[in-house]
Amino acid sequence: MRSPFSAARIRRALPTGRRAVAATAAVVLLAAAVVWAVWPDRPAFRTESAMLTVRSGPDGDEPVDLDTTLYLPLDAAAGREVPAVLLAHGFGGTKESVRTDAEDLADRGYAVLTWTARGFGRSGGQIHLDSPDHEVRDAQRLLDWLAARPEIRTDATGDPRVGVVGGSYGGALALLLAAQDQRVDAIVPMITWNDLSRAFLPESTGGEPTEGVFKSGWAGIFFGGGGNVGSGPAGISGTGAETPEGAPGAGPPSPAPGQGPGTAPGAPAVGGLPDPSCGRFAADVCAAYLRIAATGRADQGAVDLLRRSSPAGVLDRITAPTLLVQGAADTLFPLAEADANARGIAANGTPVRVAWFTGGHDGGSGPQTDSDRVKFLTAQWLDHYVSDDGDSPGDTFTFSRIAGFDAMDRGLVATGYRTEDYPGIGGDSRVEVAVAGPAQPVANPPGGNPAAISSVPFAGSLSSLLGGVAGDIPGQHARFESEPLTEAVDIVGTPTVSLRAASSSGEAVLFAKLYVVDPEGAATLPSGLIAPIRLTGLPASVDAAAPVTVTLPAIVHRVEAGHRLRLVVATSDQAYTTPIEPAVHTVAVGDTPISLPTVDSDPIPTEAALWRWILVGLLAAIVVGLVVLVAVLRRRHRRQDTSVHPEYADTPLAVRRLRKEYADGFVAVSEVDFEVHPGQVVGLLGPNGAGKTTTLRVLMGLTQPTAGEIYVFGHRLVPGSPVLSRIGALVEGPGFLPHLSGLENLEAYWRATGRPKADAHFEQALEIAGLGSSVHRRVRKYSHGMRQRLAIAQAMLGLPELLVLDEPTDGLDPPQIAEMRRVLQRYATDGRAVLVSSHLLAEVEQTCTHAVVVNKGRIVASGPVEEIVGDSPSVLFEVSDPTAARTVLDGLGRVRVLDDADGQLVVDTNGTARSEVVAELVRAGIAVDRVVPRRRLEDAFLALVGENSRGSGDR
Amino acid sequence: MAGSTVEPTGDTTSVAASGAAAGYRPARTLPFGAEFRRQASRRRTQLALGFMVLLPLIILIAFQFDTNDDDNGGGEFGSLIDLATSGGLNFTLFTIFVSASFLLVVVVALFCGDTVASEASWGSLRYLLAIPVPRARLLTVKLLVALAYSALALILLAGTALAIGTLRYGWSPLRSTVAAQLEPGEGLLRLLAVLGYLAIVLLVVAGLAFLLSVTTDAALGAVGGAVLLWILSSILDQITALGAIRSFLPTHYSTAWLGLLSTPVQTDDIVRGTVSAICYATVFWGLAFWRFTRKDITS
């Protein structure tokens, strides 16, 4: 007896070694992956926030407090100086709006100084709109401050190594600062303006801003509180243009005087309270705005004020290499602004690079690929020109086009393109498309209401990119359409159109827009961009009108073949101020067709191309792997030992020193040796769990033996050995497809052997099964015995030379058992043999010629049944007087009484003839009722395996 | 068993060098056709395939009860429902759309997960191996047959939907909200591409179910396990906090086929999804073969 808590038991309950290792490895890997994914990145920088007081203004003597944060890489120190980046925020933002970008740059090893521009947030001062005397001078003082920091690399005393990055308001600051201060080493202005007066007062026939049409929608948003426009680089960081910090109309975010930390001289202090109409705007800026907004027209003074805040006039002074990033979805500062900047700066021989992306003040940061590209370009530019690191970025022009919705995350997908040289917004070649239509009268609505909608500032990227909000008012617009295009055109740049207009008033404000109309009639206004024009001196009749050329805003858009172009000329638009007086104009197309610019460019290879190669490589690897695997297996198969062990060539079965140890350490078979010879019916005998079934499983190739060999007709038997085809088997009960009939099951089985149908001998097998017409019923409905008989029939299909039957009489009734006995004995002729495993001793005794007794995984006896049973059996005497008989028998010397119960004596005669014993008993006057030879297989069995009913198999 | 008379008449002389019985060739065991018939005779095969034919009919009948209630849920692709009755191609697309995420997963898991495990549970597996059918061959044939039935189910579903959809709604261009409508010829090609990608994604289910099928004797366990793991992966994919891990989930790219409807076709995610699916399927099948060719059959 063993302890119930033996080590083996515990071991068996636990997962086995290899599995445990595999499971642990899997869990550890998974946990590591999760941790890696959610582990917060430890910042590689530290921050210092401070309120710096700088002196600026026209005379440089007006102090103003600026709220700053310096991001310093951890390894920056005196002796290990790092280059710096001045990172400016967009209009209405604060230093916090650019935090993400600042952190990214700090991670790249730059000291990043962010600050809240004067007039915003906690900084003091008033908004002067990037005035050279105020905001720009503030930034110069910040450069001084940077140069004094010991951690910052300098080019000379007081000249820090610094790049200036900013979007929108911050982008213009970068340009103006670079023009005003030669210490700046590189700039990356994004989505910003060239001429602020032209941006807010555009006129698309080339008119001056004083003739421009006021972009009241955007202007109102800025003046009425300042949207958080253009925060980080290009305003493309997460807190982008679509979430204005101070909602429009919420009033200027000005702290009360004396309370704000930045209340230095210069803070609005009219009677101690800020001017309610101007908020934190400087008085001159405020006055100019009020004048323009009231009339819709700008006077020269206002234009001059806006020009003062524009890089346009100072571009020739910029020597810092400039990367210009502009958004295609930008109705505020369209691509033309960046184009003007690029031309102006490049004229000095300063390196300029231009990149367009599909975002902007309307489109936000654009698709992921675009913001990644912009980030990459920015880093590349700064690395080369500020930290002297990395190759020259070159001047490749890159742009992108919306290709549609992403099927997975519903975002927009953009395809990037590049060309060697920047072609400008005119493109490098042009395609002409004629539009036609009659001259049409259009009405100017009084007070500009109702007005067409082309774009809605801050409405989000989708609306303007896909023209979803575009809507024209009937009666207020003229339409001219082209024929469907025969081939697709990729517009990159500014289309131009020719128009003629007439008006009774002699003057007209019109809006030209170019729609793309698909075959179903749905019209799209690319990026929601329109061209406002103000025409004066118009004749009353359109026939007398001279054609004017209108330059439409630059777009990046593909017009598919079969789509039409539609030129719409409208009299009103919600984003602009239009004349109040009602009027009727007549509009007709000019004499030249629409001219569309195109750019010869190549798609930028993306990561996706890499994945294609990965896919190809993967498929190739799988194919090669499979080929190699098959080749190796074939080769191994050919090398397989097909030799015949001469000693066992004629022996149907020889089992040699077979051992089977399970993975959990349980030894099912420790050592088994036996042979089955032709003509024999061998019984494999043993208590439950003795190892019989395990032996048979190994014999069927279902289980790998731990040690030892099995030979079938001299062929070594391993799982799947072809020689298995000469064995018919019934192991561990029948296994049939329950939904098929008995006959179909046999047929399905034989089909699976792939052998000729004639070899199966179905009739004989069916005869053995003896199922009659039940053979056509489904196996599901069979009784246990019927299935058993069908399984024996299946084992006999093809009349295999060795028949292995595990408990064949299980479920059979006595006549069937008797019949089975006969069948098996007859089967084992003509060179065949049968191996029967059973724990029914009587059955083995009567059926088998030979027996192998297994116990606890070992053979305890083997040989002919008679030998095992022995020829000296004990005898059972039934006598009239057992007590007397016992005395008599005890007196006989060699005779031993083994058992004595109910008048029956079991006697070991020990060689004494039975007749002599009977004679002795009769002689003593004891009546003998019965004499039965007692010692049979059961006794032998019990003698061999012991009588302990528990000990046998339950090891 | 009465009166049976077995008089062995076999000739034991015609034996190959390998010791095999006459007519036995390992490469001829368990022919594809035999296994195909074995599976065809099963009720679950017939029911599954029958349902593939029935589902489009049910959907078609359901559309006849249209009450013009425009409450079909939101979403960019919710309009697939609105478009479903615009033509045979759109009807087919809709049928695929509603079946892709669950029904087809279950069907593929059924065919691939049940195939070995059910033989093990009936006990017939050990008799196949004792024929002997080489283990690798048994798995190969079973896998190919299971994949063939999975493909058949997909084709039946799409084919029936296309046939009855075209009969009922006509042969019109393929419409979607993400792109311009596609001419019927082009639309049919796109539809075939969608089916192809769907088949590739379902290879992961096939691989997983097949692996489970050789590891367990319970057919239900293999099928259910594969479906459960698939659902688990889908749930994890919804949790954006998992970040980059999500793209390693087998279900992450399972809806990338929607990109095939846009113009131009978005193939980036399809390529990534294909790489992911093939990797998973290869690993699962490799493990299944590795395991099955070594394991002790104890069923």
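The model shown is predicted, which means the values in this text are computed figures rather than measured ones.
Contact detail for B/Ile297 and A/Arg697: the closest heavy-atom pair is O-CD, 3.7 Å. A/Glu732 and B/Arg126 get closest at one heavy-atom pair: O-NH2, 2.5 Å. Of all non-hydrogen atoms in A/Gly720 and B/Pro132, the two that sit nearest each other are O-CG, 3.9 Å. The shortest heavy-atom contact between A/Phe736 and B/Trp122 is O-CB, 3.5 Å.
Side-chain contact between B/Leu129 and A/Pro719 is absent, with no heavy atoms from C-beta onward closer than 4.5 Å. You'll find the side chain of A/Thr753 stays beyond 4.5 Å of the side chain of B/Tyr24, heavy atoms only. Using a 4.5 Å heavy-atom cutoff, the side chains of A/Ile622 and B/Ile278 are in contact. Taking 4.5 Å as the limit, every side-chain heavy atom of A/Trp611 sits out of range of all side-chain heavy atoms of B/Asp268.
Your options are A/Ala752, A/Gly754, A/Pro815, A/Pro756, and the one with the most heavy-atom pairs under 4.5 Å with chain B is A/Ala752. The choice from B/Arg25, B/Arg28, B/Arg38 that makes the most heavy-atom pairs within less than 4.5 Å of chain A is B/Arg38. Contact tally against chain B (heavy-atom pairs below 4.5 Å) for A/His739, A/Met700, A/Gln794: the top residue is A/His739.
Checked by atom type and distance alone, the side chain of A/Arg612 never pairs as donor or acceptor with a backbone atom of B/Val271 at under 3.5 Å. Between the side chain of A/Arg726 and the backbone N or O of B/Ala22 there is no donor-acceptor pair closer than 3.5 Å. Checked by atom type and distance alone, the side chain of B/Asp296 pairs as donor or acceptor with a backbone atom of A/Gln704 at under 3.5 Å. Within the 3.5 Å criterion, the main-chain N or O of A/Val731 finds a donor-acceptor partner in the side chain of B/Tyr127. Side-chain atoms of A/Ser725 come within 3.5 Å of backbone N or O of B/Ala21 as a donor-acceptor pair.
Proximity to chain A (any heavy atom under 4.5 Å) is shown, for B/Arg137, by neither the backbone nor the side chain. Contacts between B/Arg42 and chain A at a heavy-atom distance below 4.5 Å involve backbone atoms as well as side-chain atoms. Of the two parts of B/Thr282, only the side chain, counted from C-beta on, holds a non-hydrogen atom closer than 4.5 Å to a non-hydrogen atom of chain A. In this structure, chain A has heavy atoms under 4.5 Å from both the backbone and the side chain of B/Thr267. B/Arg43 touches chain A through its side chain: at least one heavy atom from C-beta onward sits under 4.5 Å away, while N, CA, C and O do not.
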